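Since we're looking at a predicted model, the values are computed, not measured. In what follows, residues are counted from 1 in the order of the sequence shown.
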Amino acid sequence: TVWNQMRNTADGMIYFLPRTIASDVPFFTFYRKDLFDAQNIEEPKTIEELEAALVIIKNEYPDIVPITVGMGGLEWMYKDIATSFDTTVGGWVPSDTDINTIVPSNITENYQDFIFWLQNLRRQGLLDAEAGINPDVNFGKNKFKAGQAAAYPGGYPDFIEISVALAQIDPSAEVAILPALVGPDGVQGGTR
């Protein structure tokens, strides 16, 4: 039924493919501003600056995971960072070879660059080793709330929950939200 509703009545063609999950739900990357400030790390504005900040966090706070994941699939939780690589997660984009053809995003070079970036974060010990593996959908948020992670992507309702939980453990803890980052090829990311 949904498929047929997508057909253009004038020519019977389909020009839009629906997603099964709301694409307009943003996942913010929350981070421990107090830890960044303590190390004189300015708020990252690019993917490269984020990576450099995570390296400093790893070196200065060996008991804290630099970045983890909230609930659900690893790529899905980082979907708003994926836009900095000029791709989407679970969506349709122009083909690498023909802009008049749309293809699933996960078969494009930009998506592969995004996935390789996540793998590289894990390889460097910057991305939580449990990310995408732990069956507990709240493990990343719980780590962040317990002061055991410096950054993680989550939904907007998480802000109050994580801020209150962190304040109980460390009254000087401060949570901030990363801005939309500029990617390695100069693409400005953001919620799509």
Side-chain angles (χ1 to χ4, degrees), residues 26-87 89 110 112-134 138-156 158-191:
F27 289 118
F28 302 107
T29 303
F30 299 104
Y31 72 101
R32 291 281 306 271
K33 186 176 184 318
D34 56 308
L35 299 181
F36 280 53
D37 288 350
Q39 299 305 316
N40 295 314
I41 303 170
E42 289 190 32
E43 181 177 73
K45 304 242 181 312
T46 67
I47 291 292
E48 290 83 8
E49 289 174 5
L50 173 60
E51 241 181 282
L54 297 175
V55 168
I56 293 169
I57 295 295
K58 177 186 175 192
N59 293 335
E60 296 299 321
Y61 303 99
D63 295 332
I64 294 178
V65 173
I67 193 165
T68 189
V69 70
M71 59 184 172
L74 177 62
E75 296 89 7
W76 176 249
M77 293 303 293
Y78 286 104
K79 72 179 183 61
D80 294 297
I81 288 180
T83 62
S84 299
F85 291 82
D86 199 21
T87 192
V89 174
N110 290 345
Q112 292 168 16
D113 290 344
F114 165 63
I115 295 301
F116 287 139
W117 177 74
L118 288 174
Q119 288 177 346
N120 190 46
L121 289 183
R122 189 186 307 266
R123 189 176 304 113
Q124 294 179 67
L126 304 176
L127 175 61
D128 194 338
E130 291 185 85
I133 298 169
N134 191 316
N138 291 313
F139 85 93
K141 179 169 39 171
N142 290 338
K143 279 186 181 181
F144 192 83
K145 289 176 6 181
Q148 299 168 343
Y152 100 102
Y156 56 86
D158 292 342
F159 188 78
I160 294 172
E161 179 184 350
I162 60 178
S163 297
V164 169
L166 272 171
Q168 292 172 350
I169 294 168
D170 180 358
S172 66
E174 185 179 352
V175 179
I177 299 171
L178 283 179
L181 301 173
V182 173
D185 293 331
V187 174
Q188 175 68 59
T191 299

Task: Minimum heavy-atom distance Ala149-Phe144, with the two atoms named - done: O-CD1, 3.4 Å

TODO: Please examine the side chains of Tyr78 and Leu121, heavy atoms only from C-beta on, and report whether any two atoms are closer than 4.5 Å.
DONE: no

TODO: For the residue pair Ile81 and Ile47, establish whether any side-chain heavy-atom pair is separated by less than 4.5 Å.
DONE: yes

Open item on the list: If I take atom CD1 from residue Ile41 and atom CD from residue Glu49, how far apart are they, to the nearest 0.5 angstrom?
Closed with: 11.0 Å

TODO: With the side chain counted from C-beta on, respond yes when Leu181 and Leu50 share a heavy-atom pair under 4.5 Å apart, and no when they do not.
DONE: yes

Task: Closest heavy-atom pair and its distance - Lys141, Glu161 - done: NZ-OE1, 3.2 Å

Open item on the list: What's the separation between atom OG1 in Thr46 and atom CD in Glu51, rounded to the nearest 0.5 Å?
Closed with: 9.5 Å

Task: Pairwise side-chain contact, Ile57 with Leu35, heavy-atom cut-off 4.5 Å (strictly under) - done: yes

Task: Expected output: side-chain Asp128 to main-chain Glu130 donor-acceptor under 3.5 Å - done: yes

TODO: Scan Tyr61, Phe30, Tyr31 and name whichever one has a ring pair (Phe, Tyr, Trp, His ring centres under 6.0 Å) with Phe36.
DONE: Tyr31

Give the table of side-chain donor-acceptor pairs shorter than 3.5 Å for residues 163-175, with sequence neighbours excluded, one pair per line with atom names and distance.
residue	atom	partner	partner atom	Å
Ser163	OG	Phe159	O	2.8
Asp170	OD1	Ser172	N	3.0
Asp170	OD1	Ser172	OG	2.6

- [ ] Grab the two heavy atoms, one from Asn110 and one from Asp86, that are nearest each other, plus how far apart they are.
- [x] ND2-O, 3.2 Å

Task: Min side-chain heavy-atom separation Val55-Leu126 under 4.5 Å - done: yes

Task: Min side-chain heavy-atom separation Val182-Lys45 under 4.5 Å - done: no

TODO: Using atom types as modelled and distance alone, determine if a side-chain donor or acceptor of Thr68 lies under 3.5 Å from a backbone N or O of Tyr152.
DONE: no

Open item on the list: Just verifying a value: how many Å separate Glu42 CD and Asp37 CG, rounded to the nearest 0.5 Å?
Closed with: 10.0 Å

TODO: Heavy atoms only: give me the nearest Pro66-Lys58 pair and the separation to one decimal.
DONE: CG-CB, 3.7 Å

TODO: To the nearest 0.5 angstrom, please state how far the CZ atom of Arg123 sits from the CZ atom of Phe116.
DONE: 9.0 Å

TODO: List the atom of Pro184, the atom of Ser84, and the distance in Å for their closest heavy-atom pair.
DONE: CD-O, 4.0 Å

- [ ] Indicate the atoms forming the closest heavy-atom contact of Gly189 with Ala180, along with that distance.
- [x] O-CB, 3.1 Å

Task: Neighbour count above 12 (heavy atom, 6.0 Å) for Ile160 CD1 - done: no

TODO: Look up atom CZ in Arg32 and atom CD in Gln39, then write down how far apart they are to the nearest 0.5 Å.
DONE: 12.0 Å

Task: Pairwise side-chain contact, Asp158 with Phe28, heavy-atom cut-off 4.5 Å (strictly under) - done: no

Open item on the list: Nearest 0.5 angstrom please: Glu43 CD to Ile177 CD1, how far?
Closed with: 9.5 Å

